[in-house]
A.B. asks: 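Sharing a structure with you now.
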Amino acid sequence: MTPATTSAQPIDGPATQSEIATQRDEAAIATTIESVGTLADTGNFAALEKLYAPEIALDYTSLSGGEPETVSNIELMTRWARVLPGFDRTRHQISDIDVSLEGNTARATAAVVADHWIGEKHWQVSGTYIYRFDRADDGWVITSHRLEVIDEEGSREIFDPATEAVAADPAPYLRRQRSQAIVRQFLEGLEAKDMERVNAVWADDAVQEMPFAPREVDFPTRVEGREALIRQYAGWPDNARNPDYTSELRFLPSSDPDLVIIEYRGVTEIVRTNRTYDQRYIGVFQIDEDGKIALFREYFDPTVFVEAFAMDRDPAFYASQE
């Protein structure tokens, strides 16, 4: 593998601050290009996503035809995650990196030889990557990614079994997307007071735990089973006015793609009391193999709950809503 190079030239005598900064930027960009291949080959699409801007100009027309397009970094990772992990092995060999800085933008090229194996089959494509970068707050991000194909060996039929393998056993990146989507569906369903959407998230044996549920009334700390959860939330549309549960939704890191941890704020007006319920939550969701919520552990401040529902002066309120 040919060592990566940049456009920086050897410096005679002590380097100026400007020259050092240029070398540092060129090294950062070259490292990013090398990391694209490594992260794709190891299936670390979550880390790879962060190397790209939220929107990317993508041009793989020399490989697959069609037209250049603009895609999100998430969409690009999703496409790659739907096929690359299905191969027994991939290897993106990157060499001859050349970087040219243009203020807060940069252009870079690199030679690539990409090998793909599954069973006894092998497919290889070689060509040139052409990148554009923008300087972001925390470094350089890829804003344009183009492949110019030079040569190809083997059969593209190798992609069919790879895609089928991922469909049967989704990559962690895809499982995390599915897990976060079902959690978002639950919260958005509460906002829309759409109980069909809310009820659809639960596994048959789902459990909701509320360790900090108020003790002032007979409020459950644990609800077991889908049917019991449907009954638990049945009064929500009539009791809530203008609910907002996603404006400050934040997904927290989790190494398990089927475990979702979120921090969020729930704000709604309680119809009966005309009080505003303004709560901060931590939610922990375990998603089962069918993409349903098997466990929802909800942490919240019980004093805020008691005040909003007027349980301090009407402790029977909750019971009357069941």
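What you see is a predicted model; the values in this text were computed from it and never measured.
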A.B. asks: First locate atom OG of S100, then atom CD of E26, and finally report the distance between them rounded to the nearest 0.5 Å.
C.D. replies: 7.5 Å
A.B. asks: Under 3.5 Å, is there a donor-acceptor pair between the D278 and T276 side chains?
C.D. replies: no
A.B. asks: Could you please spell out the steps behind the side chain to side chain contact (heavy atoms under 4.5 Å, CB included) verdict for D205 and R226?
C.D. replies: CA-CA 6 Å; D205 57 351; R226 181 174 183 271; over 6 Å; no
A.B. asks: If Ile, Leu, Val, Met, Phe, Trp and Tyr residues are connected whenever their side-chain heavy atoms lie under 4.5 Å apart, and connections chain through other members, are L101 and I130 in the same group?
C.D. replies: no
A.B. asks: May I have the step-by-step check of side chain to side chain contact (heavy atoms under 4.5 Å, CB included) for Y131 and I33, ending in yes or no?
C.D. replies: CA-CA 9 Å; Y131 293 100; I33 293 171; 3.9 Å; yes
A.B. asks: Are V125 and D151 side-chain neighbours, meaning at least one heavy-atom pair lies under 4.5 Å?
C.D. replies: no
A.B. asks: For the residue pair W202 and K292, establish whether any side-chain heavy-atom pair is separated by less than 4.5 Å.
C.D. replies: no
A.B. asks: Any ring-ring contact (aromatic ring centres under 6.0 Å, His included) pairs touching residues 254-277, not counting sequence neighbours?
C.D. replies: Y264-Y281, Y277-F305, Y277-F309
A.B. asks: Taking atom types as modelled, is there a side-chain donor on T38 or D41 under 3.5 Å from an acceptor on the other?
C.D. replies: no
A.B. asks: Could you tell me if the side chain of I270 sits less than 4.5 Å from the side chain of R241, heavy atoms only?
C.D. replies: no
A.B. asks: Is it the case that the side chain of S179 and the backbone of P257 share a donor-acceptor pair, with hydrogens and angles ignored and the cut-off at 3.5 Å?
C.D. replies: yes
A.B. asks: To check you understand the geometry: which heavy-atom pair defines the closest contact between P68 and T61, and what is its length?
C.D. replies: N-CG2, 3.6 Å
A.B. asks: I need the minimum non-hydrogen distance between A213 and P302, along with the two atoms involved.
C.D. replies: C-CB, 4.3 Å
A.B. asks: Would you say the side chain of R178 lies within less than 4.5 Å of the side chain of P170, judging by non-hydrogen atoms?
C.D. replies: no
A.B. asks: With no hydrogens and no angle check, do the side chains of W140 and D25 hold a donor and an acceptor under 3.5 Å apart?
C.D. replies: yes
A.B. asks: Can a donor-acceptor pair be found, under 3.5 Å and without considering hydrogens, that links the side chain of E34 to the backbone of I94?
C.D. replies: no
A.B. asks: Report the distance from atom CD of Q180 to atom CD of Q185, rounding to the nearest 0.5 Å.
C.D. replies: 14.0 Å
A.B. asks: Under 4.0 Å between a Lys/Arg side-chain N and an Asp/Glu carboxylate O for R275 and E307?
C.D. replies: yes
A.B. asks: Do the two ring centres, one from W123 and one from F159, sit under 6.0 Å apart?
C.D. replies: yes
A.B. asks: In terms of side-chain geometry, is the basic nitrogen of E75 or R79 positioned less than 4.0 Å from the acidic oxygen of its partner?
C.D. replies: yes
A.B. asks: Taking atom CZ of R156 and atom NE2 of H116, what is their separation to the nearest 0.5 Å?
C.D. replies: 10.5 Å
A.B. asks: Is it true that the side chains of E188 and T246 contain a donor and an acceptor less than 3.5 Å apart?
C.D. replies: no
A.B. asks: In sequence, state the C-alpha distance, the side-chain angles, and the governing distance for I282 and I262, and then conclude on side chain to side chain contact (heavy atoms under 4.5 Å, CB included).
C.D. replies: CA-CA 6 Å; I282 294 292; I262 61 172; over 6 Å; no
A.B. asks: Please answer: with hydrophobic residues joined when any side-chain heavy atoms are less than 4.5 Å apart, are F285 and L259 in the same cluster?
C.D. replies: no
A.B. asks: Between NE2 of H145 and CG of L51, what distance do you get to the nearest 0.5 Å?
C.D. replies: 11.5 Å
A.B. asks: Would you say V207 ends up clustered with L229 if hydrophobic residues are merged whenever their side chains have heavy atoms under 4.5 Å apart, either directly or through other cluster members?
C.D. replies: no
A.B. asks: Taking atom CZ of R82 and atom CE of M77, what is their separation to the nearest 0.5 Å?
C.D. replies: 13.0 Å
A.B. asks: Dump the intermediate steps for ring pair (Phe, Tyr, Trp, His ring centres under 6.0 Å) on Y245 and F186, then the final yes or no.
C.D. replies: CA-CA 10 Å; Y245 276 75; F186 170 62; 8.4 Å; no
A.B. asks: Test T22 against E19 for side chain to side chain donor-acceptor pair (under 3.5 Å), laying out the working first.
C.D. replies: CA-CA 5 Å; T22 296; E19 290 167 336; over 6 Å; no
A.B. asks: Can you tell me how far apart OG (S72) and OH (Y52) are? Round to the nearest 0.5 Å.
C.D. replies: 12.5 Å
A.B. asks: Any side-chain heavy atom of Y129 within less than 4.5 Å of one from L147?
C.D. replies: yes
A.B. asks: When you compare the side chain of F87 with that of P161, does any pair of heavy atoms fall below 4.5 Å?
C.D. replies: no
A.B. asks: Grab the two heavy atoms, one from A203 and one from A294, that are nearest each other, plus how far apart they are.
C.D. replies: CB-CA, 4.2 Å
A.B. asks: Would you kindly confirm whether F212 and V284 end up in one hydrophobic cluster when ILVMFWY residues are joined by side chain heavy atoms under 4.5 Å apart?
C.D. replies: yes
A.B. asks: Does either side chain, that of Q208 or that of E298, offer a donor lying less than 3.5 Å from an acceptor on the other one?
C.D. replies: yes
A.B. asks: Can we say D258 and R175 salt-bridge, meaning some charged N sits less than 4.0 Å from an Asp/Glu carboxylate O?
C.D. replies: yes
A.B. asks: Take E224 and R222, measure what salt bridge (charged side-chain N to carboxylate O under 4.0 Å, His left out) needs, and give me the verdict at the end.
C.D. replies: CA-CA 7 Å; E224 298 186 28; R222 182 179 174 90; 2.8 Å; yes
A.B. asks: What heavy-atom pair brings D59 and R146 nearest, and what distance separates the two atoms?
C.D. replies: OD2-CD, 3.2 Å
A.B. asks: Using a 4.5 Å cut-off on heavy atoms from C-beta on, say whether the side chain of I182 contacts that of V260.
C.D. replies: no
A.B. asks: Is a donor on one side and an acceptor on the other found under 3.5 Å between the side chain of T273 and the backbone of A308?
C.D. replies: yes
A.B. asks: Does T105 reach the main-chain N or O of D134 with its side chain, forming a donor-acceptor pair under 3.5 Å?
C.D. replies: no
A.B. asks: Is there a donor-acceptor contact under 3.5 Å from the side chain of R265 to the main chain of D244?
C.D. replies: no
A.B. asks: Is there a chain of hydrophobic side chains (I, L, V, M, F, W, Y, each step under 4.5 Å between heavy atoms) that links W80 to V113?
C.D. replies: no
A.B. asks: What pair of heavy atoms forms the shortest contact from T143 to F133, and how long is it?
C.D. replies: OG1-N, 3.9 Å
A.B. asks: Going through the checks in order, is the side chain to side chain contact (heavy atoms under 4.5 Å, CB included) test met by L187 and L249?
C.D. replies: CA-CA 9 Å; L187 296 177; L249 172 61; 3.9 Å; yes
A.B. asks: Taking the side chain from T128 and the backbone from A111, do they hold a donor-acceptor pair closer than 3.5 Å?
C.D. replies: no
A.B. asks: Heavy atoms, side chains only, cut-off 4.5 Å: are H122 and D115 in contact?
C.D. replies: yes
A.B. asks: Can you give me the closest heavy-atom contact between A171 and V166, atom names plus distance?
C.D. replies: N-CG1, 4.2 Å
A.B. asks: If we ignore angles and hydrogens, is there a donor and acceptor under 3.5 Å between the side chains of T42 and N44?
C.D. replies: no
A.B. asks: Any Lys/Arg nitrogen of E102 or R132 sitting under 4.0 Å from an Asp/Glu carboxylate oxygen of the other?
C.D. replies: yes
A.B. asks: Between R280 and E263, does any NZ, NE, NH1 or NH2 come within less than 4.0 Å of an OD or OE carboxylate oxygen?
C.D. replies: no
A.B. asks: Given 3.5 Å as the limit, does a donor-acceptor pair link the side chain of K193 with the main chain of A240, or not?
C.D. replies: yes
